[in-house]
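Notes to accompany the following structure.
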Amino acid sequence: MGVLDSTIFTNLLTILHQTNRWDIIILFTIVEISFWTLFSFIMVQFLPKKYKKYQRDIFIFFAILNIGLLFIGIVLTLIMLLFGLSWATHRVSHPSYDIVDFEEQLSDFPIVYSAFQEGILTMEGHHRDELSSDIKIKSLKILYDSNAQGNIGKIKHFLSDSSDETRLYAFALVSSFEKKLNDRLTELHKKIEEEKDKNILEKYNFELAQTYWQFIYHGVADEQLTGFYTTKIENILTKINNNTNAFILLGKIHIFNKEYDKAEEAFNKAVKLGVPINAISTFFAEIKYGQKKYNSVANYIIPEQFNIDLRLKPLVNMWEKK
């Protein structure tokens, strides 16, 4: 008996391992249907006499019920199989995660914000006349809020737009920005006149120079006025001796005016006051390039500072030391 059971079990395993054997599946189905049909026929033979006249209907009911239960069982088995596989896969592919303190991570991660001018290029090309006033106004508002370099200068281009609404809105934005800067200048001049403390006075003078720089940085001042503002900024910054940011701003002004020797001197003073050279190495690289000392540019190209912005990769590949 044990040998027979072993043989049946072995044959069953062999059948299960034979994939794509549809003939076996069809044979199994025919045998099952035949068995339950015969079983139902035998069952109705033992019905009481009062049910004899319903024998045919009861036979059909038994046959359909038993055969149906067979297929329902197969369907339920397949459903349970699929559910089990899905559950097992879900457990495998979803590991547990540790809690990350994002504020702590961000404090050590350099964040670079993209300027808006990439998205407003279409407004400056030949597509400009095809844009609706509504789109132009929305874009100008975003450009104004971006606080990016030259944003007000770009808005000023729309003071001659064909749309009355766009022209008026551009004028309102430019006027609002100029008023904000002029109000800040008036406030700082008043504080400087009243202040006696030397350290606080240097702070106000630096803020005054920064405010004048905003006229240039944001494109408020036209080409004729930039020289006036840069001279004014230089005169203010010469009164400051201990503010590292003042020397950095002075260096930027000299670079803007292409006075590279003066710019290098200003940045060297910032370094002597404690500014890490890595923090302003890009300015030194620009100065060396402006001085046509191309062999020295690579000394100030630090790849780690440019990896965050892939657009600068060609610059690094060109100038970094090999």
Side-chain angles (χ1 to χ4, degrees), residues 110 112-118 146-154 156 177 181 184-185 202-203 205-309 311-321:
V112 177
Y113 296 96
S114 175
F116 178 75
Q117 46 261 44
E118 294 97 325
S146 69
N147 205 34
Q149 182 175 0
N151 61 336
I152 303 301
K154 290 182 173 65
K156 290 172 74 173
F177 195 85
L181 291 180
R184 180 60 176 162
L185 289 176
E202 280 198 354
K203 173 178 174 293
N205 275 312
F206 175 66
E207 291 178 3
L208 182 65
Q210 274 190 317
T211 305
Y212 278 120
W213 170 244
Q214 298 302 308
F215 282 91
I216 302 172
Y217 180 82
H218 291 284
V220 178
D222 54 24
E223 293 182 4
Q224 289 75 22
L225 285 175
T226 51
F228 167 77
Y229 282 115
T230 53
T231 302
K232 211 165 186 50
I233 294 170
E234 288 182 48
N235 293 334
I236 295 171
L237 293 178
T238 52
K239 304 174 184 177
I240 303 174
N241 299 314
N242 300 311
N243 189 326
T244 56
N245 291 323
F247 288 108
I248 292 174
L249 179 57
L250 183 60
K252 290 180 182 179
I253 294 297
H254 289 316
I255 289 177
F256 180 82
N257 288 329
K258 303 186 186 308
E259 298 172 341
Y260 299 110
D261 293 337
K262 290 183 178 180
E264 186 174 19
E265 182 182 351
F267 285 116
N268 281 328
K269 287 182 179 179
V271 172
K272 288 180 181 179
L273 289 175
V275 176
I277 193 169
N278 290 348
I280 53 177
S281 61
T282 53
F283 293 116
F284 280 109
E286 188 175 356
I287 289 169
K288 294 302 178 184
Y289 183 84
Q291 293 172 333
K292 298 184 180 181
K293 297 179 180 179
Y294 304 120
N295 292 333
S296 301
V297 173
N299 296 331
Y300 301 99
I301 296 296
I302 304 174
E304 291 77 10
Q305 294 184 350
F306 296 98
N307 287 341
I308 193 67
D309 192 341
R311 294 173 300 177
L312 300 177
K313 187 174 179 60
L315 177 68
V316 177
N317 291 339
M318 175 68 184
W319 291 107
E320 71 176 332
K321 289 184 177 180

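Bear in mind the structure is a predicted one, so any value in this text is a computation, not a measurement. Hydrogens, waters and symmetry mates are skipped; everything else that's a heavy atom, side chains included, is used.
The line from CG of Leu237 to CD of Glu202 is 10.5 Å long, rounded to the nearest 0.5 Å. For the atom pair CG of Leu225 and CG of Asp222, the computed distance is 4.5 Å after rounding to the nearest 0.5 Å. To the nearest 0.5 Å, atom OG1 of residue Thr211 and atom OH of residue Tyr217 are 14.5 Å apart. Between the CZ atom of Phe247 and the NE2 atom of His254 there is a distance of 10.0 Å, given to the nearest 0.5 Å.
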Side chains of residues 238-245: which donor-acceptor partners sit under 3.5 Å, not counting sequence neighbours?
residue	atom	partner	partner atom	Å
Thr238	OG1	Glu234	O	3.4
Thr238	OG1	Asn235	O	2.7
Asn243	OD1	Asn245	N	2.9
Asn243	OD1	Ala246	N	3.4

Show the atom names and distances, to 0.1 Å, of all donor-acceptor pairs under 3.5 Å that link a side chain in residues 263-273 to residues at least two apart or in another chain.
residue	atom	partner	partner atom	Å
Glu264	OE1	Gln291	NE2	3.1
Glu264	OE2	Lys288	NZ	2.8
Asn268	ND2	Glu264	O	3.1

side-chain contact (heavy atoms from CB on, under 4.5 Å), that's the test. Do Tyr300 and Ile277 meet it? Break it down for me. CA-CA 9 Å; Tyr300 301 99; Ile277 193 169; 4.0 Å; yes

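Counting heavy atoms from C-beta on, the side chains of Ile152 and Phe215 never come closer than 4.5 Å. Counting only heavy atoms from C-beta outward, the side chains of Phe256 and Thr226 approach each other to under 4.5 Å. A 4.5 Å side-chain heavy-atom check between Asn147 and His218 finds at least one atom pair inside the cut-off. Counting heavy atoms from C-beta on, the side chains of Ile233 and Ile236 never come closer than 4.5 Å. The shortest distance between side-chain heavy atoms of Leu249 and Phe206 falls below 4.5 Å.
Partner of Arg184 under the side-chain contact (heavy atoms from CB on, under 4.5 Å) criterion, out of Gln214, Glu207, Gln210: Glu207 alone.
Across Phe283 and Lys252, no two heavy atoms sit closer than the pair CZ-CE, 3.6 Å.
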